[in-house]
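What follows is one structure encoded as structure tokens, with my remarks underneath.
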Amino acid sequence: MIDFHMLAVQPVLGLTPYQPGKPIEELARELGLEPAKIVKLASNENPLGPPPKALEAIRRALPETARYPDGSGFSLKHKLARKLGVQPQQITLGNGSNDVLDLIARVFLGPGRGAVFSEHAFAVYPIATQAVGAGARVAPAHDGSRGPRYGHDLGAMLDQVSGDTTVAFIANPNNPTGTYVTRKQLEDFLTALPERVIAVVDEAYSEYVERDDYPDALAWLDRFPNLIVTRTFSKAYGLAGLRVGYAVSHPQVAELLNRVRQPFNVNHLALAAAEAALDDEAHLRKTCRTNREGLMQLEAAFQRLGLDYIPSIGNFITVDVGREAVPVFDALLRQGVIVRPVANYGLPNHLRVSVGTAAENDAFITALERVLG
Ligand SMILES: *Cc1c(COP(=O)(O)O)cnc(C)c1O
């Protein structure tokens, strides 16, 4: 028989697939438990569920499902543009912001080109980079002396920019570390970055952030035309299962991304739900409050248990369990709690825990205490 590896293009042979959080149904099957008994804090999803207004919009949109969606996303783009204070031509919609990151890689990366990102940065950057045959340069993260430990060191990232660099990926805040770069740090970085390098500022968690020194990168799009800001409806907006995200950029960049975009990359229900989600401010406020309280609850528990954690401004927190984390992860699974090991991010003793409802956080803390003995 043919070895199909011989047929695959070279970049694909070196790829390792993204490891998603373990689905509830899968663990329920393995443990012979009711899915409702399982606590999943593994994929930074909204523990309150989708916005009620989005659910209503989905119900209204269902009868039109036999038709192709609006491939231009006209209505959602216009609504987003108004909300964000940009032009609709600056927006690119994606099947999740992951899709947008892939579009960016296809347009601006490729063989002979390179991307720069930080150690411990979101796992999709190396995958998107390698998938198109581009090289990756990884900057060491802060060691704790000049910035938050494990956080992006933008100075070190600048040092990695070389003649073939065409894209720099910055997650703000970063997943899985929950760390962020400040307005001043990002502004200095963008000022120093050559204009020929596309700066992708991934703001998947921006709606959760409550820090005065967190930058509003969108406000810099005119000043730095090489800037792309990406956001998503998967996290605070509670629509991870529908897959909608977007980029905001210079219109010419958006036009280029549009050339490689699948014509109907965002589905009909997702378009309707995302638009309605933008109107559900009550749900967003409640989401952020639940998250703020949940973070405090988890931090207090880690302090009580004497566990180090990485201070987070996202909807997750990464904790050092003081030993190899995979066995702890496995033991938590047997307690019906799904979290995320992050050894693949260079953090072998850490677990990433999404912030759940107070009851879910409690269940996790109780299980963790039991497991750690
Ligand atoms: C979750 C996440 C995304 C994207 O999620 P989508 O569901 O594809 O929109 C992007 N960046 C970071 C840092 C994330 O954690």
Side-chain angles (χ1 to χ4, degrees), residues 17-21 23 40-47 50 54 73 76 80 91-106 115 117-129 131 141 150-152 157 167-181 186 199-209 214-215 217 228-248 257 261-262 265-267 269-271 273-274 277-278 287 291 310 312-318 339-340 342 344-345 347 350 352-355:
Y18 181 82
Q19 298 167 14
K40 184 186 177 208
L41 301 175
S43 301
N44 303 344
E45 296 145 341
N46 188 329
L76 176 57
L80 273 172
I91 298 177
T92 305
L93 300 179
N95 187 25
S97 55
N98 204 324
D99 184 25
V100 174
L101 295 171
D102 272 332
L103 299 180
I104 293 168
R106 285 173 66 198
F117 46 84
S118 172
E119 185 186 10
H120 314 305
F122 185 45
V124 164
Y125 311 150
I127 295 174
T129 299
Y150 306 111
H152 289 12
M157 285 183 65
V167 177
F169 290 104
I170 296 168
N172 204 32
N174 181 46
N175 168 15
T177 58
T179 51
Y180 71 108
V181 297
L186 187 56
V200 180
V201 176
D202 177 346
E203 298 190 337
Y205 301 93
S206 63
E207 296 84 4
Y208 286 108
V209 178
Y214 178 75
I228 305 179
V229 179
T230 63
R231 293 198 181 163
T232 182
F233 286 90
S234 298
K235 307 286 162 58
Y237 283 109
L239 298 176
L242 282 179
R243 318 300 303 122
V244 208
Y246 59 95
V248 191
L257 297 178
R261 186 178 64 81
Q262 279 183 38
N265 63 334
V266 184
N267 72 73
L269 300 181
L271 288 171
L278 293 174
T287 296
N291 191 61
I310 311 175
S312 170
I313 63 164
N315 69 341
F316 56 89
I317 184 162
T318 294
V339 295
R340 194 77 158 263
V342 282
N344 56 326
Y345 285 95
L347 298 167
H350 286 78
R352 193 195 69 195
V353 189
S354 305
V355 178

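Atoms within each ligand, like the ligands themselves, are counted from 1 in listed order. Starting from 1, each residue takes its place in the sequence as its number.
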Exercise. Is Glu45 salt-bridged to Lys40, going by a charged N under 4.0 Å from an acidic O?
Worked result: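 Looking at Lys40 together with Glu45, the answer is yes, because their closest N to O distance falls below 4.0 Å.
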For this session: Mind listing the closest non-hydrogen atom pair of Thr318 and Val342 along with its distance?
Result: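 Looks like CG2-CG2, 4.3 Å.
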For this session: Provide the closest heavy-atom pair for Leu76 versus Leu278 in the form atom of the first, atom of the second, distance.
Result: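 Taking every non-hydrogen atom into account, CD1-CD1, 4.1 Å.
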Between [atom1] on residue [X] and [atom2] on residue [Y], distance to nearest 0.5 Å:
X      : Y      : atom1 : atom2 : result
Asp202 : Ile228 : CG    : CD1   : 11.5 Å
Ile91  : Tyr246 : CD1   : OH    : 7.5 Å
Asn175 : Ser354 : CG    : OG    : 8.5 Å

Between [X] and ligand 1, is there a nitrogen or oxygen pair with a distance under 3.5 Å?
X      : answer
Arg243 : yes
Lys235 : yes
Ser97  : yes

Quick one: does [X] get a heavy atom under 4.0 Å from ligand 1?
X      : result
Asp202 : yes
Tyr205 : yes
Gly245 : no

Problem set entry | Set of side-chain hydrogen bond (donor to acceptor under 3.5 Å, both in side chains) partners for Arg243, sequence neighbours left out |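 Per chain and number, Arg243 pairs via side-chain hydrogen bond (donor to acceptor under 3.5 Å, both in side chains) with Ser234.
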Residue [X] vicinity, atoms of ligand 1 by number, heavy atom under 4.0 Å:
X      : value
Ala204 : 2 (C), 3 (C), 10 (C), 11 (N), 12 (C), 14 (C)
Asn175 : 13 (C), 14 (C), 15 (O)
Ser234 : 6 (P), 7 (O), 9 (O)

